[in-house]
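Predicted model, so just to flag it, every value in this text is computed and none were measured.
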Amino acid sequence: MALISASRKDPAAPSQDPPPPSRPGLLTRLRRKRLSAQTLLVGGAVIVVGYLAVVPLGYLIHDTFLDADGSGVSLDAFSRAYGGNSQSGDMLLNSLWFALGSAALALILGTTLAYIQVRTDTPFKSLFFAASLVPLIVPGILYSTSWIFLGDPQSGLLNALLFKPLTGTSPVNIYSVWGMIWVQGLHLSPVAFLLMVAAFRAMDPSLEESAAMSGASRLTVLRRITVPLVRPALISAALLMFVQSLESFEVPALLGLQNGIYVFTSRIYFVLRSYPTDYGAAGAYAIGLLLIAAAGVLLSSWLQRSSRNFQTVTGKAFRPRPVELGRARPVVGVAVIVYFLITVVLPVAVLVYASLLKYYAAPSAETLSSLTFDNYRQVFDMPLAFTALKNSLILGLGAATVVMLLTAVVSWVVLRTKARGRRLLDLLAFTPIVIPGLVLGLALAFVYLRMPLPIYGTLLILLVSYCTRYLPYGMRYSSAAMAQMAPELEESAAVSGASWFQTFRRVLLPLMSSGILAGWVYILVVSFRELSSTILLYSPGKEVLSVLIWEQFENGQFTTLAALGVCMVLLLVVLVALAYRLGARFGLQGQADSSN
Amino acid sequence: MLTVESLKKSYDEAPGRAARRKKRDTTRTYAVGGVDFEVNDGELFTLLGPSGCGKTTTLRSIAGLERPTEGKVALGGRVLFDSAQDVNLRPNQRGFGMVFQSYAIWPHMTVAKNVSFPLEVMPRAKRPSRQEIDHQVAEVLESVELGAYAQRSATKLSGGQQQRLALARALVTRPELMLLDEPLSNLDAKLRETMRFELKRLQRELNLTAIYVTHDQAEALVMSSRIAVMNEGRVEQIGKPREIYTRPATRFVAEFIGTSNFLEGKVVAVNGGEVEVDTPHGRLVAADPPRKPVVGDPVLLSIRPECVDLSRERRGLPNEWTGTVRTRAFLGDVVDHIVQIGDTEIRNRSNPTLSIPPGTEVHFSVTPDKVTLVPVG
């Protein structure tokens with residue numbers, strides 16, 4: 001807060017805080033500061049971040065606690081949401097059970113795979129990274145749909161083709177908490193994998209080698225050295241998995257609602273879609289969800305309190321001597337292939353299969369003989385499909401550009417200046433990561449239904465929402481790029497006579513370009529799958545691709561959905577491939593930079 | 001030319017905030033605690049000291065990269081920083097050239113682009129034409145023998161070449177003052193020695209004024225016109241290399257530069273230019289002390305090992321003592337003997353033709369003008 005009020009005060013009236021007589025230069029300094037491009041740009045960035053992160057939450061809290069006649073504070077919304085026969089206890093338990101279970105599954109799978117990939121001589125090393133692309137190219141809504149095709153108690157392929165012939169029963173039921181955990185955990189495991197790969201790579205292997213030289217066995221080294229060293233990374237990965245599962249909307253909505261299994265997000269959606277709409281109760285659920293996420297953050301920072309002093313990330317990639325698996329090598333190899341089949345091949349294959357059917361059914365001689373491209377024809381004839389594609393592209397490009405420019409400036413303020421409140425700014429920019437998409441959508445609806453700005457019902461409100469949601473991701477890319485760069489590179493430009501703006505444009509931005517570009521493409525890609533905030537904010541004619549898919553699901557048009565999904569996956573594959581080509585080219589230069 | 005007056009820098013708190021809380025200076029720790037010096041035209045002025053002594057902070061304060069807590073920095077008549085008048089020019093307004101320890105070569109630019117950058121960012125009124133820029137860049141690259149590499153990517157250069165590129169970039173605007181922050185410390189030992197002479201040659205030929213920061217005493221002695229020895233944020237002594245070496249003003253300087261034997265004693269007589277000092281092991285005569293002591297003053301005597309003259313026979317020289325050789329160490333170009341006298345050890349450094357086995361009784365002497373009186377206190 002200090003930061004925002006200070007920066008707003010700067011150009012405004014200094015009369016509030018009269019300058020002490022001992023410092024005659026203050027006024028001239030203020031005037032000089034006001035004119036510089038640096039102050040304008042930095043001040044602007046600070047205000048925008050503050051606005052994006054703080055205003056929606058403020059409105060959310062305000063509107064939830066407002067009582068019916070709009071004048072006093074009341075807890076009515078909470079009693080409507082949690083009291084009586086709302087079954088909120090079940091919902092709370094389901095939410096926690098689902099989030100913790102998915103996080104645990106993702107973390108265990110991801111960490112094990114990361115250790116195997118980085119530290120052992122396992123076969124198929126490149127397969128790991130192919131699998132890690134899944135969450136990028138198969139959005140949650142499609143992944144859930146695929147698992148419906150696979151795990152539906154009646155028509156699911158696993159039951160129809162595997163268990164029915166073998167055991168005569170249909171044991172797999174995807175419409176359960178276990179099913180939800182399975183799908184969410186699998187979908188998140190590549191994210192955990194990537195985070196832990198980075199942690200294992202950043203660890204200096206000589207730390208382990210010196211333990212081995214001190215006489216520790218391989219198991220002791222793992223327990224006393226390796227695990228404690230990656231603990232900080234492990235905890236932050238666990239937090240991220242937990243929060244992402246908690247805020248996941250697609251999985252609980254597609255798999256849970258069928259059997260009336262509610263979690264926070266699906267309950268908020270349910271409340272908002274019933275008539276009359278109880279915004280207060282939805283707000284109360286949203287605040288409950290935020291509190292749980294915040295508790296997770298507090299818990300993880302409490303767990304991390306002692307591990308700050310040994311940051312293992314040195315920015316340098318080590319290539320340790322791999323552990324030889326020996327006779328276990330073929331077993332590990334098979335496990336890797338099975339993992340790849342389950343997470344990637346099966347879901348994608350079933351989606352393609354479903355897209356070629358008239359009605360979804362397990363493969364038989366009859367279904368296989370009637371495969372058709374009708375669904376694709378239907379998709380291309382849909383006038384809305386092109387509007388949605390156009391809107392998705394506009395939003396993706398817009399959000400990626402705005403966020404990366406904004407975070408480039410913000411990360412400079414946070415990492416390179418000693419400005420007061422820079423930590424607060426950092427915190428603000430990261431806040432949206434714990435705001436579930438649905439909550440943000442609701443909060444933004446509160447804001448722009450009241451504000452006189454004519455944003456509601458346009459693409460602009462979606463852009464604001466996307467920028468807020470992806471601010472933390474952009475921040476991560478920008479500050480990583482900034483931190484990698486030695487401050488002397490800027491200082492030498494300043495000493496050479498370059499002004500702040502010249503330094504920013506000619507030294508900082510070009511050097512950060514690889515990181516910024518990577519972040520830009522990442523945001524562009526993830527914007528395509530955004531559903532949870534969009535679903536509350538879009539209006540007819542402003543659909544995006546993910547909303548279009550959602551509408552197919554609601555109408556029960558599973559085969560059209562599959563065709564649309566296949567198109568979307570192809571589009572994302574192209575985008576990700578493009579990103580990797582760019583990343584490879586710029587990444588190479590990035591390595592040369594850091595070795596300098 | 002450049003004057004630095006009572007420069008102080010504390011990292012404890014921002015000055016504004018401290019003032020608001022009405023805190024007194026007593027709670028602060030200073031990285032630089034009141035430094036004064038003056039750099040003359042055409043001089044290579046060295047700030048020498050161990051790591052953490054405040055030399056780099058002082059240099060960065062002069063460059064404008066750090067904002068000092070107090071003090072004044074002026075170049076000729078131009079005030080660059082003055083805490084009293086609240087003047088603090090930004091680094092890009094000061095017009096210095098600087099070479100960083102890490103060289104800070106911009107990896108996204110070619111060699112030529114790195115060098116032309118300072119010219120290209122000049123204010124439009126002062127900026128030379130494109131042709132002129134190209135000409136100056138070629139010229140300065142030639143002077144550091146990088147002419148053939150102009151179009152290479154800067155990251156493709158070796159360590160020594162990057163070092164010269166950093167130098168060329170700092171030189172290209174012909175700045176009034178060059179700031180060099182440990183520019184040779186990232187080079188290997190051989191290259192470092194050749195670069196010392198190379199830098200010195202360039203500085204003489206171009207008549208540069210430079211401030212040079214280093215922790216390497218040999219480097220400082222070879223290159224400097226004058227040296228300021230710093231310790232714990234303060235200047236211990238300023239002087240020409242020879243003065244610093246032969247006439248250290250404090251125990252710290254004597255210990256930090258080269259090695260020295262120290263003896264504590266008390267002045268018993270002052271006759272003209274000679275001072276007689278009583279030490280626990282006998283009397284020593286010191287000639288031409290920088291500051292005349294008074295009889296009864298406690299003093300510290302510093303004797304360089306190479307000034308200790310070792311012999312098997314008593315020769316009746318002034319300041320001649322007798323002791324026993326404890327250890328002998330052969331270092332190639334020299335040989336060291338450590339001689340025990342009472343509970344004190346005296347280190348001698350001689351030509352390797354001299355070699356006396358441990359246990360032998362020896363006589364050693366020091367000519368009075370090689371005995372340095374270091375003020376105590």
Query raised in the report: Are side-chain heavy atoms of Ser496(A) and Thr173(B) found at a separation under 4.5 Å?
Result: no

Query raised in the report: Do any of residues 112-128 of chain B come closer than 4.5 Å to chain A, heavy atom to heavy atom, and if so which ones, in number order?
Result: Phe117(B), Pro118(B), Glu120(B), Val121(B)

Report task. Determine the minimum heavy-atom distance between Leu489(A) and Ile105(B), stating which atoms define it. Result -> CD2-O, 3.2 Å

Query - Minimum heavy-atom distance Arg506(A)-Met109(B), with the two atoms named - result: O-CE, 3.6 Å

Report summary line: For Leu575(A), the side chain to side chain contact (heavy atoms under 4.5 Å, CB included) test, sequence neighbours excluded, returns Leu524(A), Val525(A), Phe528(A), Leu572(A)

Report task. Step by step, work out the side chain to side chain contact (heavy atoms under 4.5 Å, CB included) result for Val495(A) and Leu179(B). Result -> CA-CA 10 Å; Val495(A) 175; Leu179(B) 305 172; 5.6 Å; no

Query raised in the report: Does atom CZ of Phe430(A) have more than 12 heavy-atom neighbours from other groups under 6.0 Å away?
Result: yes

Query raised in the report: Can you name the closest pair of heavy atoms from Ser102(B) and Glu488(A) and give their distance?
Result: OG-OE1, 3.1 Å

Report summary line: Those residues at least two apart in sequence (or on a different chain) that pass ring pair (Phe, Tyr, Trp, His ring centres under 6.0 Å) with Tyr522(A) are Tyr473(A), Tyr477(A)

Query - Minimum heavy-atom distance between Ala498(A) and Asn92(B), given as atom pair plus value - result: O-CB, 3.0 Å

Query raised in the report: Hey, is CZ on Arg476(A) packed in by over 12 heavy atoms from elsewhere, all under 6.0 Å?
Result: no

Query - salt bridge (Lys or Arg N to Asp or Glu O under 4.0 Å) contacts touching residues 147-160 of chain B (sequence neighbours left out) - result: none

Query raised in the report: For the atom pair CD (Glu66(B)) and CD (Glu491(A)), what is the distance rounded to the nearest 0.5 Å?
Result: 8.0 Å

Report task. Assess whether side chain to side chain contact (heavy atoms under 4.5 Å, CB included) is satisfied between Met98(B) and Ser492(A), documenting all intermediate values. Result -> CA-CA 7 Å; Met98(B) 183 161 176; Ser492(A) 57; over 6 Å; no

